[in-house]
Amino acid sequence: MFKWIFQYLGYGGIAVLKVVLHTMGVKAALPRYELYFYNVVLCMAMLWAARWIFDVSSSNSNRKTFKSSVQPGWYYSGRKMDTADVEWMMWFSTFREHIIFALSGHVIFAKICSLLAPQYRSLVFMVYGMLAVFSSMGWAYVTLILSHCVLLYSISLVKLRWLCFVAGLTTLATFKMEPFISWQAGFVTGNFDLRPLLFYGGCGFTIMRCMSFALENCEKKDGNYSILELLKYNFYLPFFYFGPIMTFDKFCIQANNPNLTRKDGEMWNISLQGLLHLGVIMIVAVLLHFMYILTIPSDMKLLKNISDWALVGLAYLNLVYDWVKAAVMFGVINTISRLDHMDPPKPPKCITMLYVFSETHFDRGINDFLCKYVYNYLGGKHDNVLDELIASLCTFGIAALWLGPGWVVFIWAFLNCFGLNFELWTARFFTMEPFISIEMAISESMSRRIRAVFNTFNFWTIVLYNVLALNSLEFAKLVAKRLLLKGFPFTTITVLFVTYCLIQLIKERERRQALIDDPDPIPPPAPTPAPTVAPTPTDPSTTQTDGAAAAQPVDPNKQKAE
């Protein structure tokens with residue numbers, strides 16, 4: 001049957017069936033008692049793993065290897081605090097007053113300009129941003145940034161995409177490789193703890209913004225954008241040091257829009273979002289006093305002696321913490337930009353919600369940039385295996401350059417690139433016979449369960465790949481060895497079953513969201529039968545016709561088909 005459908009409909013038929021099967025997988029419902037069971041299993045497993053990590057943290061707080069990163073915390077708690085993440089400590093302890101002061105000034109000036117002269121607010125953003133950068137990093141740093149902007153703007157006037165890419169990536173490489181890093185860093189004077197972070201953050205995001213401007217200028221049919229537009233785009237303070245990247249076409253439309261209106265309840269949502277981020281910061285501070293999830297992975301001797309549950313929980317919580325840090329950082333910045341009537345990129349998707357490689361993007365701004373200018377541009381419709389391979393290789397090549405060339409980054413990029421392409425190959429393979437016939441024959445709920453089994457292995461593959469990038473190669477190898485070899489079969493099966501429960505809960509959340517975004521159409525009411533009028537005896541022709549129709553037998557197969 002399906003062979004005939006394919007032969008009749010061709011590739012369009014395959015596409016239709018893929019959509020149908022995808023809908024089956026997304027909107028398929030499970031019994032309520034089954035979902036309750038998954039919730040109970042997942043909560044018990046999380047509490048059990050947290051208990052192991054808490055015990056390891058409490059019993060090893062005085063180790064010699066912990067002295068540099070586990071330091072006295074809140075006095076009234078009586079516990080030490082994990083301070084291994086220097087970036088978090090600088091943001092929310094040492095320099096929080098400076099960051100709050102700079103962003104508060106931006107909000108005040110932006111609000112005044114929006115009320116008095118909204119048509120000039122993008123210019124005010126630029127002036128305030130340049131003054132803030134000058135006061136924090138000095139005139140030499142501002143001059144360095146301006147020189148890169150002028151260089152890439154001049155190249156964009158040629159309107160050759162490949163030349164803009166080559167120039168942009170070469171300039172980005174000068175901030176990722178020696179001796180160019182030291183040479184350019186020597187122009188910046190001053191010595192304070194946050195200076196290296198601000199230096200590399202501002203320079204890296206500046207190059208990406210200049211590349212976006214140059215590529216959009218190549219697409220502009222009539223004339224060129226002015227360099228003033230580039231400076232407005234680059235020196236918007238909330239995005240300057242820490243991102244996210246908003247492509248130039250979106251920023252230009254939003255920043256130059258003089259009609260500033262808000263939707264109903266938008267200010268309430270912005271205020272609620274700000275309070276939510278404040279609450280998350282406090283929760284993270286509490287957890288870092290009771291579970292040293294950042295320090296323990298650096299002690300390989302201790303890791304070899306802890307239980308399997310503690311090790312697996314550490315790997316998972318390290319990724320969750322890194323997502324929380326990124327979500328808070330981007331969330332605070334996005335809240336400021338929403339006050340400026342901007343629509344910034346969303347925070348990164350939680351690692352807990354990821355079970356496919358096509359959604360494992362840490363930074364949605366960088367992801368939008370790479371998808372628009374590299375991945376979708378080279379991959380087209382993503383239905384050709386070779387084009388998809390070339391597009392993904394180029395995408396992860398630029399991502400590796402952005403993160404900084406190194407063996408760990410190269411291994412991470414290769415594994416994620418392979419995972420992304422393997423998903424495409426698998427999807428194309430399962431659109432062939434007899435798999436489509438099997439899936440159409442089974443129920444939607446059973447199809448969802450089978451998909452969740454495969455997604456379970458995919459989930460831990462994503463976890464191990466990202467643990468490699470966030471921690472170390474040794475830690476990732478130890479987790480994989482303990483999970484797949486030493487812990488087999490009990491630990492392996494138990495962890496995979498708990499992950500299966502998690503995948504099903506994620507799918508349930510996606511199912512509910514899909515029903516909200518694309519509700520199923522309500523079937524039309526059944527048509528009421530028309531009243532039968534008895535023929536008059538004075539019309540013999542009508543009587544003869546009705547009698548023949550009544551005498552004709554009804555084909556049951558035809559009635560079933562109708």
Side-chain angles (χ1 to χ4, degrees), residues 103 106-107 110 113-114 118-126 128-129 149 152-153 156 159 161 164-165 168 172 201-202 204-263 266 269-270 273 326-327 329-349 359 361-379 395 398-399 402:
L103 293 179
H106 171 86
V107 172
C113 182
S114 298
Q119 66 273 21
Y120 298 115
R121 65 192 189 100
S122 60
L123 189 62
V124 174
F125 293 161
M126 181 197 72
Y128 183 84
C149 291
L152 291 174
Y153 174 77
S156 70
K159 293 200 172 186
R161 290 181 61 93
C164 294
F165 260 113
L172 182 62
F205 282 108
T206 292
I207 302 305
M208 299 297 282
R209 283 188 287 265
C210 289
M211 288 179 63
S212 177
F213 174 87
L215 293 171
E216 292 296 334
N217 194 52
C218 293
E219 298 296 328
K220 186 176 175 61
K221 302 298 182 182
D222 49 339
N224 300 285
Y225 292 105
S226 67
I227 192 172
L228 184 63
E229 294 296 329
L230 174 58
L231 297 181
K232 291 178 183 179
Y233 173 48
N234 185 62
F235 283 98
Y236 179 65
L237 184 62
F239 295 166
F240 182 81
Y241 284 118
F242 306 119
I245 292 291
M246 179 187 287
T247 55
F248 175 74
D249 55 337
K250 296 180 181 179
F251 180 87
C252 185
I253 295 173
Q254 298 176 20
N256 295 321
N257 182 20
N259 300 321
L260 305 179
T261 58
R262 295 193 184 276
K263 300 178 181 179
E266 184 176 356
N269 293 332
I270 294 175
Q273 187 180 18
M329 182 185 71
F330 290 132
V332 171
I333 293 172
N334 288 353
T335 302
I336 301 298
S337 62
R338 289 179 64 190
L339 291 174
D340 296 334
H341 299 269
M342 307 286 284
D343 185 18
K346 296 179 181 179
K349 192 173 183 179
E359 296 184 6
H361 40 77
F362 171 76
D363 183 344
R364 289 184 190 262
I366 296 293
N367 179 75
D368 293 343
F369 178 94
L370 293 175
C371 285
K372 180 175 183 180
Y373 300 123
V374 183
Y375 187 63
N376 293 333
Y377 184 80
L378 297 176
T395 301
I398 296 176
W402 166 255

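Position 1 is the first residue of the sequence, and the numbers go up from there.
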Can you tell which of Met208, Met211, Arg364 makes a side chain to side chain contact (heavy atoms under 4.5 Å, CB included) with Ile245? Met208

Within the 4.5 Å heavy-atom criterion, are Thr206 and Cys149 side-chain neighbours or not? yes

Output yes when Glu219 and Lys159 qualify as a salt bridge under the 4.0 Å nitrogen-oxygen rule, no when they do not. no

Where do Gly129 and Leu237 come nearest, in terms of heavy atoms and distance? CA-CB, 4.1 Å

Which of Phe248, Tyr225, Phe125 passes side chain to side chain contact (heavy atoms under 4.5 Å, CB included) with Tyr233? It is Phe248

Asp340-Tyr236 side chain donor-acceptor pair, cut-off 3.5 Å: yes

Step by step, would you call Asn256 with Phe251 a side chain to side chain contact (heavy atoms under 4.5 Å, CB included)? CA-CA 8 Å; Asn256 295 321; Phe251 180 87; over 6 Å; no

Over all atoms of both residues, closest heavy-atom pair of Leu152 and Ala214: O-CB, 4.4 Å

Under 3.5 Å, side chain of Asn257 to main-chain N/O of Ile253, donor-acceptor pair present? no

Side chains of Phe239 and Asn234: does their closest heavy-atom pair fall under 4.5 Å? no

Cation over ring, Arg161 on Tyr377, under 6.0 Å and within 45°? yes

Counting C-beta onward and ignoring hydrogens, is there a side-chain heavy-atom pair between Tyr375 and Leu370 closer than 4.5 Å? no

Should we count NZ of Lys220 as having more than 12 external heavy atoms under 6.0 Å? yes

Please round to the nearest 0.5 Å and tell me the distance separating atom CZ of Phe213 and atom SG of Cys164. 10.0 Å

How long is the straight-line distance from CG of Asn217 back to CG of Leu230, given to the nearest 0.5 Å? 9.5 Å

In the structure I gave you, are the side-chain heavy atoms of Pro244 and Asn334 within less than 4.5 Å of one another anywhere? yes

Salt-bridge contact Lys232-Glu229 (side-chain N to carboxylate O under 4.0 Å): yes

Aromatic centroids of Tyr241 and Phe205 separated by under 6.0 Å: no

Determine whether a donor-acceptor pair (N or O, by modelled atom type, separation under 3.5 Å) exists between the side chain of Ser156 and the backbone of Tyr153. yes

Of all heavy-atom pairs between Ile207 and Gly168, which one has the smallest distance, and what is that distance? CG2-O, 3.4 Å

The test is side chain to side chain contact (heavy atoms under 4.5 Å, CB included); show your working for Phe165 and Tyr373 and say whether it passes. CA-CA 10 Å; Phe165 260 113; Tyr373 300 123; 3.9 Å; yes

Kindly indicate whether the side chain of Asn259, heavy atoms from C-beta on, has any atom under 4.5 Å from the side chain of His341. no

Salt-bridge criterion met for Asp343 and Arg338 (N-O under 4.0 Å): no

To the closest 0.5 Å, what do you measure between OG1 (Thr395) and CG (Asn367)? 9.5 Å

Could you grab the distance from atom SG of Cys371 to atom CD1 of Ile366, nearest 0.5 Å is fine? 11.0 Å

How many angstroms lie between CE in Met126 and CG in Leu231, if you round to the nearest 0.5 Å? 6.0 Å

Criterion side chain to side chain contact (heavy atoms under 4.5 Å, CB included) on Met246 and Arg209, from CA distance to verdict: CA-CA 8 Å; Met246 179 187 287; Arg209 283 188 287 265; over 6 Å; no

Exercise: identify the closest heavy-atom pair between Met342 and Pro344: O-CD, 3.4 Å

Please round to the nearest 0.5 Å and tell me the distance separating atom CD1 of Ile270 and atom OG of Ser337. 8.5 Å

Nearest heavy-atom pair of Phe369 and Thr247: which atoms, and what distance? CA-CG2, 4.4 Å

Mind checking whether Asn269 and Lys263 have side chains closer than 4.5 Å, heavy atoms only? no

Residues Lys372, Glu216: salt bridge by 4.0 Å N-O rule: yes

For the student: nearest non-hydrogen atoms of Phe330 and Pro348, plus distance: CD1-CD, 3.8 Å

Answer yes or no: is there a side-chain heavy-atom contact under 4.5 Å between Leu123 and Leu228? yes

